[in-house]
2 protein chains.
Amino acid sequence: MTPKNKDASTEEKIKEAARIVFTQKGYSATRTRDIAEEAGINLALLNYYFRSKEKLFELVMSEKVAKLFGVIAPIVNGETTSIEEKVTLIADNYITMLLQNPGLPLFVLSEIRNNPEHFGNKVQAGKLLTESIFVKQLKERKPDINPLHFMINLLSMCIFPFIAKPVLESAGVMTPSQMNDFAEERKTLIVQWFKAMMNS
Amino acid sequence: MTPKNKDASTEEKIKEAARIVFTQKGYSATRTRDIAEEAGINLALLNYYFRSKEKLFELVMSEKVAKLFGVIAPIVNGETTSIEEKVTLIADNYITMLLQNPGLPLFVLSEIRNNPEHFGNKVQAGKLLTESIFVKQLKERKPDINPLHFMINLLSMCIFPFIAKPVLESAGVMTPSQMNDFAEERKTLIVQWFKAMMNS
DNA sequence: ATATTTTTTAATCATTTGATTAAATCTATT
DNA sequence: AATAGATTTAATCAAATGATTAAAAAATAT
């Protein structure tokens with residue numbers, strides 16, 4: 001029988017192919033046939049395991065959103081860590097994750113632009129930016145400046161290089177290998193810069 | 001006769017509709033029928049004035065790339081301005097332009113990711129980031145740090161809020177009106193932060 | 001006014017694309 | 001081995017989509 005115990009191998013092959021193709025080309029530019037080919041399976045299997053392109057996409061999108069916000073959530077809510085410690089953790093962990101998922105930010109942000117409903121917001125991203133312990137600490141340290149500015153600065157310094165990556169490489173500014181070194185350097189530099197901004 | 005003297009009104013209506021729809025939904029998600037409807041014209045007219053969806057898109061894309069890089073080009077190559085003056089000019093002019101074209105960065109960056117050939121690079125964006133006078137000044141002031149870090153920091157602090165705008169609004173962090181005030185505040189804050197980074 | 005050229009429209013084409021169906025193949029239980 | 005259920009495949013469908021065509025309408029020239 002094995003009613004629910006599907007092969008898992010095939011299903012996962014499709015899901016992994018979907019991750020690759022969706023992330024690379026976005027929802028609209030992705031053809032279900034592209035995913036089938038990438039997975040090495042018959043097109044009909046995609047609709048057998050997942051009901052539709054849309055359903056498969058929602059699955060991938062949820063994963064990606066969770067990954068993009070999941071890294072910072074536990075850090076900014078840390079009860080015992082200082083501002084500096086949080087900044088160090090965020091810069092390090094975020095850049096490490098982004099080095100393994102360079103296309104993630106541009107994918108998630110442009111899909112949310114195309115279709116805000118895709119942003120299920122299970123991670124309650126809004127709260128991270130307005131009600132976290134990190135925000136409270138920032139408000140204490142710099143009461144005269146909207147703490148959201150610092151949140152955006154920190155995130156932008158980590159994320160933006162990866163958003164600009166296609167342009168930087170296409171314009172011949174950096175090779176993929178140089179991009180990696182560049183991002184690694186920023187792990188420590190961002191901490192230093194952030195401290196300077198807080199003390200200005 | 002007037003062989004080349006087309007009505008201009010109709011042609012421009014289509015181009016303007018294309019700007020709106022392409023920028024909002026991206027190339028792949030845009031239907032030529034969407035553009036025709038937005039322009040209030042018959043679908044066939046689109047192919048009469050422009051030869052294809054692709055051709056029309058290239059036209060719009062060129063404009064948008066030029067706009068995104070055109071603001072900074074003359075500033076970073078300024079012969080007589082100091083680092084501080086350049087930073088002030090970039091922050092002010094760039095944010096002013098982005099407030100009028102909030103969707104521009106996400107559109108251009110994601111289309112270049114989808115199809116790097118679209119990046120004709122007439123603006124020689126690479127040179128701006130590696131060979132401009134601004135870069136030389138940065139290298140003199142901070143010889144130990146790759147000046148590209150500072151270029152990326154400056155651009156990210158200006159651009160990133162607009163890239164994150166769909167998420168911030170969708171997550172209820174800010175209203176469009178608050179986004180405007182937020183961006184306006186950054187015109188002066190970014191200068192202050194950048195100076196602090198340079199002196200750290 | 002008439003003729004000619006340009007612009008606009010409705011109808012249609014060919015291809016692409018997401019999805020379905022019916023049959024074939026594989027797997028496991030008896 | 002035989003049966004039943006799960007998985008996979010080839011073929012096909014219907015709708016969407018970029019593009020074309022032939023004719024009508026409007027503008028311009030003679």
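Small disclaimer: the values here were computed from a predicted structure and weren't measured.
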Between [X] and [N], is there a contact of a side-chain N or O with OP1 or OP2 at under 4.0 Å?
X     : N      : result
A:T32 : C:dG18 : yes
B:T10 : C:dT8  : yes
B:Y48 : D:dT21 : no
A:R31 : C:dT17 : yes

Worksheet item: Can you list, by residue number, the residues of residues 37-45 of chain B that have a non-hydrogen atom closer than 4.0 angstrom to DNA chain D?
Response: B:L43, B:A44
Starting from [atom2] on [N], measure out to [atom1] on [X] and report it in whole angstrom.
X     : N      : atom1 : atom2 : result
B:Y27 : D:dG18 : OH    : P     : 8 Å
B:K55 : D:dG18 : NZ    : P     : 16 Å
A:N47 : D:dT8  : CG    : C1'   : 13 Å
B:L46 : D:dT21 : CG    : P     : 16 Å
A:I14 : D:dT7  : CD1   : P     : 11 Å
A:R33 : C:dT16 : CZ    : P     : 10 Å
B:K53 : D:dT17 : NZ    : C1'   : 9 Å
B:K13 : C:dT8  : NZ    : P     : 8 Å

Among residues two or more places apart or on two chains, list those pairs meeting side chain to side chain donor-acceptor pair (under 3.5 Å) that have a residue in [range].
range                       : result
residues 191-200 of chain B : none
residues 140-153 of chain B : A:E185-B:H149, A:R186-B:H149, A:R186-B:N153, B:E84-B:R141
residues 63-80 of chain A   : A:R19-A:E63

Worksheet entry | Candidates C:dG18, D:dA19, C:dT8 - which lies nearest the side chain of B:Y49 | C:dT8
Discussion item. If the condition is side-chain hydrogen bond (donor to acceptor under 3.5 Å, both in side chains), which residues does A:R33 pass it with, not counting sequence neighbours?
Written reply: none
Worksheet item: For the rings on B:F57 and B:F22, is their centre-to-centre separation under 6.0 Å?
Response: yes
Worksheet item: So what does B:T30 hit on the nucleic acid, given a heavy-atom distance under 4.0 Å: a base, only sugar-phosphate, or nothing?
Response: sugar-phosphate
Practice prompt. With salt bridge (charged side-chain N to carboxylate O under 4.0 Å, His left out) as the test, would you mind laying out the steps for A:E184 and A:K187 before giving the verdict?
Written response: CA-CA 6 Å; A:E184 285 289 349; A:K187 285 184 182 177; 3.2 Å; yes
Could you list the donor-acceptor pairs under 3.5 angstrom formed by side chains in residues 34-45 of chain A, with sequence neighbours left out?
| from | atom 1 | to | atom 2 | distance (Å) |
| --- | --- | --- | --- | --- |
| A:D34 | OD2 | A:K25 | NZ | 3.3 |
| A:D34 | OD2 | A:R31 | N | 3.1 |
| A:N42 | OD1 | A:A44 | N | 2.8 |

